[in-house]
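What follows is a set of notes on a single structure, which appears directly below.
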Amino acid sequence: MLDIKFVRENIDTVKQSLINRGSSLDLEEMLSLDEQRRARIVEVEALKAERNNTSKEISEKKRAKEDASALIERMSQVSATIKELDASLAEIEETQHQWLLACPNLPHSSVPIGQSEEDNPEIRFWGTVKNFDFAPKEHWELGLALGGLDFERAARLTGSRFVVQTGWAARMERALAQFMLDLHVDEHGMIETIPPYMVNTKTMTGTGQLPKFAEDLFKQENWDYWLIPTAEVPLTNLHAGEVLDEAELPKGYCAFTPCFRSEAGSYGKDTKGLIRQHQFHKVEMVYFAHPDNSYEILEQMTAQAEKVLKRLELPFRTIALCTGDMGFSAAKTYDIEVWVPGQNTYREISSCSNCEDFQARRANIKFQPKDSGKKQFVHTLNGSGLAVGRALVAVIENYQQADGSLLVPKVLQPYMGGLEVIEALTSENL
RNA sequence: GGAGAGGUGGCCGAGUACGGCUGAAGGCGCUCGCCUGCUAAGCGAGUAUACGGUUUAUCCCGUAUCGCGGGUUCAAAUCCCGCCCUCUCCGCCA
């Protein structure tokens with residue numbers, strides 16, 4: 001959420017940001033609401049001041065056993081007016097609040113201006129794209145042939161966009177997750193966390209999923225509980241309403257959780273395989289950072305995500321999202337895309353964002369500067385480190401061999417009982 | 001799910017039976033100053049947030065906030081209604 005005062009004092013900046021993001025929000029309407037609101041506040045607060053003063057007089061008169069009925073009579077009318085004004089003020093404030101909740105974050109000045117993913121510049125590339133002397137298969141073909149991925153049974157159990165992973169595919173998913181968590185905890189000093197996988201409306205609003213994107217989420221019937229679309233939601237809201245010590249910053253959390261997404265509006269897209277599921281696993285990183293160095297933390301966190309791919313020896317490229325392609329809450333975002341040879345393309349496997357104080361303002365997360373001064377909003381950052389299901393896709397496709405078997409990446413072997421090659425499913429590797 | 005107890009400032013804790021003089025006693029903590037071989041103690045001052053007005057900014061002024069929302073009233077921490085959360089006991093359960 002943007003600060004209303006900031007909007008009022010930086011009209012051109014906000015206007016340009018909305019244009020760059022391709023948003024259709026009406027800024028003029030909001031500004032006129034703001035004027036109405038402030039005028040109404042002046043009006044009603046003058047009356048309240050009068051009421052407070054007169055109430056004191058009344059109590060003094062009553063104690064002195066004097067007659068206060070004239071004052072009471074007048075205040076009765078003043079109170080009635082206050083009630084009306086308060087009601088109309090509340091209405092204006094609610095409309096304005098909804099506007100602010102629907103307004104996307106301001107892009108950082110370094111974010112390239114553009115309309116779509118076509119305009120996202122590549123920042124760096126890492127690795128070597130392997131030349132296969134055979135036509136590399138897609139992961140779902142291999143998963144089917146090797147018996148680890150079962151989309152048919154999942155469809156019977158639930159529906160489309162689900163999978164049953166068995167044997168090596170289940171274990172490799174677990175191995176990937178464990179490898180990633182160990183890396184973030186042991187080498188990056190992050191705090192491992194197991195948060196709730198369901199959160200309430202307030203929490204979803206804190207990070208920006210609500211009120212605008214309810215159709216992307218799964219909701220529990222009869223409960224104010226939503227399934228998390230990413231651990232960013234519970235992790236960032238972990239300190240909602242709190243004041244952190246400046247010395248604690250930056251504070252990093254990581255969590256391995258399932259993520260649930262309705263994938264509304266993606267009909268026909270990525271219908272095969274693991275790429276776009278209603279339920280998938282992700283290791284998420286969240287940082288609470290000092291405003292002075294949050295962009296350094298963004299670089300650091302992005303590097304941490306990249307390190308996962310480097311250790312897995314998977315080629316990737318990192319791109320900067322342009323204004324038109326960036327998520328709602330982000331001020332700046334890097335996407336990391338891993339090479340998937342079966343599809344002969346790059347697929348997003350991580351998204352690392354600095355949300356600055358956008359979420360902190362919604363969720364009310366502050367820190368107390370050491371040398372006194374006022375409490376300030378922290379900057380919040382989140383990044384995938386990494387999407388586990390998609391990492392499995394990348395491993396399967398990049399590590400496939402001509403005979404249809406898979407090599408197990410070196411860093412995963414300790415997590416898979418030393419297994420080096422995955423052959424077709426047998427009782428031995430089950 | 002049933003029964004009971006409770007939610008007041010950074011923390012502890014008065015106030016709620018009889019509504020007003022309580023942004024809220026007292027204590028602790030913290031900050032600044034004084035004092036002081038050092039430390040501790042002592043003395044003095046200060047110590048919430050948001051919004052609005054004013055302002056270059058500070059200051060200042062106003063309004064709101066005693067879990068949340070609503071009601072009664074000239075006036076609500078205090079009375080009434082609804083909800084949320086925490087704790088204890090019982091039931092159920094991995």
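Just the heavy atoms: all of them, side chains too, but no hydrogens, waters or symmetry mates, feed the values below. Just so we're on the same page: letters track the sequence lines, and every chain starts at 1.
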Please state the [atom1] separation for the pair [N] and [M] - nearest whole angstrom.
| N | M | atom1 | result |
| --- | --- | --- | --- |
| B/G29 | B/C11 | C1' | 7 Å |
| B/G62 | B/G10 | C1' | 27 Å |
| B/G6 | B/C79 | P | 13 Å |
| B/A76 | B/C84 | P | 26 Å |

Please determine if a side-chain N or O atom of [X] lies less than 4.0 Å away from the OP1 or OP2 oxygen of [N].
| X | N | value |
| --- | --- | --- |
| A/K62 | B/U73 | no |
| A/S79 | B/U73 | no |
| A/N52 | B/A75 | no |

* **Counterpart base for B/G29, defined by Watson-Crick or G-U wobble contacts under 3.5 Å** =>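 By the stated definition (distances under 3.5 Å), B/U47 pairs with B/G29.
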* Heavy-atom side-chain proximity of A/R38 to A/R8 below 4.5 angstrom -> yes
* **Torsion-based syn/anti label for B/A17, 90° from 0 as limit** =>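 For B/A17, whose glycosidic angle is within 90° of 0, the conformation is syn.
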* Asked: Heavy-atom count around A/E91 CD within 6.0 Å, excluding the residue itself: above 12?
  -> no
* Under 4.0 Å protein heavy-atom contact, by nucleotide of nucleotides 49-55 of chain B - B base, S sugar-phosphate only -> SSSSS--
* Asked: Is the centre of the A/H278 ring less than 6.0 Å from the centre of the A/F218 ring?
  ->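 Yes: the rings meet the under 6.0 Å criterion.
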* Per the side chain to side chain contact (heavy atoms under 4.5 Å, CB included) rule, which among A/V340, A/L149, A/L392 passes with A/H139? -> A/L149
* To do: Verify salt bridge (charged side-chain N to carboxylate O under 4.0 Å, His left out) between A/E232 and A/K282, making sure each step is shown before the conclusion.
  => CA-CA 10 Å; A/E232 168 200 343; A/K282 183 155 61 66; over 6 Å; no
* Would you kindly check if the NZ (Lys) or CZ (Arg) of A/K251 is within the cone defined by 45 degrees around the ring axis of A/F288 and under 6.0 Å from the six-membered ring centre? =>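 Here A/K251 fails the 6.0 Å and 45° test against A/F288.
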